[in-house]
Undergrad: 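Quick one: this structure, given as structure tokens, is what I'll be asking you about.
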Amino acid sequence: MCYTRSQKLLCHITEDGSHYDLILLDIEMAETDGMELAEKIKPFLPDVKIIFITSHLEYAIDAYELSIFRYVPKNDIEKRLTAAITDAVRLFLIEEGITPPSVRFYPSHFYTCITYPKGI
């Protein structure tokens, strides 16, 4: 599922009880920043894996303190995003007691993202 507004994602999690295993966020967003959103999500989904996709590398230490799964720089997105999602899915499988496959796969249906139209 893909959201265009962070508050809608937060509402689905906090009020509707939606569950997500993996969420992709940017740090800089229109309504709230990704760090703040992750901090609000974590109490409701303590085991969620959050991947930040951002050009704001200065927030990496703060992201670590929030137990963010991975931090993907936008300037290296093609190489690092696929690896980050694959690693997250492998971790999910291991947590379920399943031996993950040794081949790389593209689990695009496993994640939720927030996107913003240009100019926001």
Undergrad: Treat each ILVMFWY residue as a node, draw an edge where side-chain heavy atoms are under 4.5 Å apart, and state whether Ile85 and Ile94 are in one component.
TA: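 Result: no, two separate clusters.
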Undergrad: Are more than 12 heavy atoms, taken from residues, nucleotides or ligands other than Lys74, located less than 6.0 Å from that residue's NZ atom?
TA: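 Buried by this count: over 12 neighbours within 6.0 Å.
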Undergrad: When you measure from the side chain of Ser18 to the backbone of His12, do you find a donor-acceptor pair of N or O atoms at a distance under 3.5 Å?
TA: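 It does hold such a pair.
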Undergrad: Going through the checks in order, is the side-chain contact (heavy atoms from CB on, under 4.5 Å) test met by Phe92 and Leu22?
TA: CA-CA 10 Å; Phe92 297 140; Leu22 179 61; 4.1 Å; yes
Undergrad: Are Ile41 and Val48 packed together at the side-chain level, in the sense that at least one heavy-atom pair is separated by less than 4.5 angstrom?
TA: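 Side chain of Ile41 against side chain of Val48, heavy atoms only: contact under 4.5 Å found.
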Undergrad: Return the minimal non-hydrogen interatomic distance between Pro43 and Pro46, and the atom names on each side.
TA: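 Smallest heavy-atom distance, with atoms named: O-CD, 4.1 Å.
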Undergrad: If you count heavy atoms of other groups shown closer than 6.0 angstrom to CD of Glu95, is the number above 12?
TA: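 Correct, the count exceeds 12.
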Undergrad: For Met29, is there any backbone N or O sitting under 3.5 Å from a side-chain donor or acceptor partner on Asp26?
TA: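 Checked: no pair found.
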Undergrad: Nearest 0.5 Å please: distance from the NZ atom of Lys40 over to the CG atom of Leu9.
TA: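 CG of Leu9 is found 11.5 Å from NZ of Lys40.
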Undergrad: Check whether more than 12 heavy atoms from other residues, nucleotides or ligands sit under 6.0 Å from atom CD of Glu78, and answer yes or no.
TA: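 No.
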Undergrad: Can you give me the closest heavy-atom contact between Leu91 and Phe69, atom names plus distance?
TA: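 Nearest heavy atoms, Leu91 then Phe69: CD2-CE1, 3.8 Å.
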Undergrad: Between the main-chain N or O of Asp47 and the side-chain N or O of Lys49, is there a donor-acceptor pair closer than 3.5 Å?
TA: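 Checked: pair present.
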Undergrad: Mind listing the closest non-hydrogen atom pair of Ile68 and Ile50 along with its distance?
TA: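 For Ile68 versus Ile50, the nearest heavy atoms are CG2-O, 3.0 Å.
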Undergrad: Measure the OH-CZ distance between Tyr20 and Phe44 for me, rounded to the nearest 0.5 Å.
TA: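 Rounded to the nearest 0.5 Å, the OH-CZ separation comes to 14.0 Å.
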Undergrad: Show the nearest heavy-atom pair for residues Ser67 and Lys42, with the distance to one decimal.
TA: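 The answer is O-NZ, 3.4 Å.
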Undergrad: Taking atom CG of Leu66 and atom CE of Met35, what is their separation to the nearest 0.5 Å?
TA: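 Between Leu66 CG and Met35 CE, I get 4.5 Å after rounding to 0.5 Å.
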Undergrad: Is the shortest side-chain heavy-atom distance between Val72 and Thr54 below 4.5 Å?
TA: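 Of all side-chain heavy-atom pairs linking Thr54 with Val72, none is under 4.5 Å.
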Undergrad: Do you know the tightest heavy-atom contact between Leu45 and His19?
TA: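 Nearest pair, atom of Leu45 first, then His19: CD2-ND1, 3.4 Å.
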Undergrad: With rounding to the nearest 0.5 angstrom, report the CZ to CD distance, Phe52 to Glu28.
TA: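 Reported to 0.5 Å precision, the distance equals 12.5 Å.
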Undergrad: Are the side chains of Leu37 and Ile23 in contact, using a 4.5 Å heavy-atom criterion?
TA: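 Not in contact.
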Undergrad: Give, for atom CG of Leu24 and atom CD1 of Ile51, the distance between the pair rounded to the nearest 0.5 Å.
TA: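 So the CG of Leu24 and the CD1 of Ile51 are separated by 5.5 Å.
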Undergrad: Measure the CD1-CD distance between Ile27 and Glu36 for me, rounded to the nearest 0.5 Å.
TA: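 With rounding to 0.5 Å, CD1 (Ile27) is 11.5 Å from CD (Glu36).
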Undergrad: What are the two closest non-hydrogen atoms of Leu25 and Gly34, and how far apart are they?
TA: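 Scanning both residues, the minimum pair turns out to be CD1-O, 3.9 Å.
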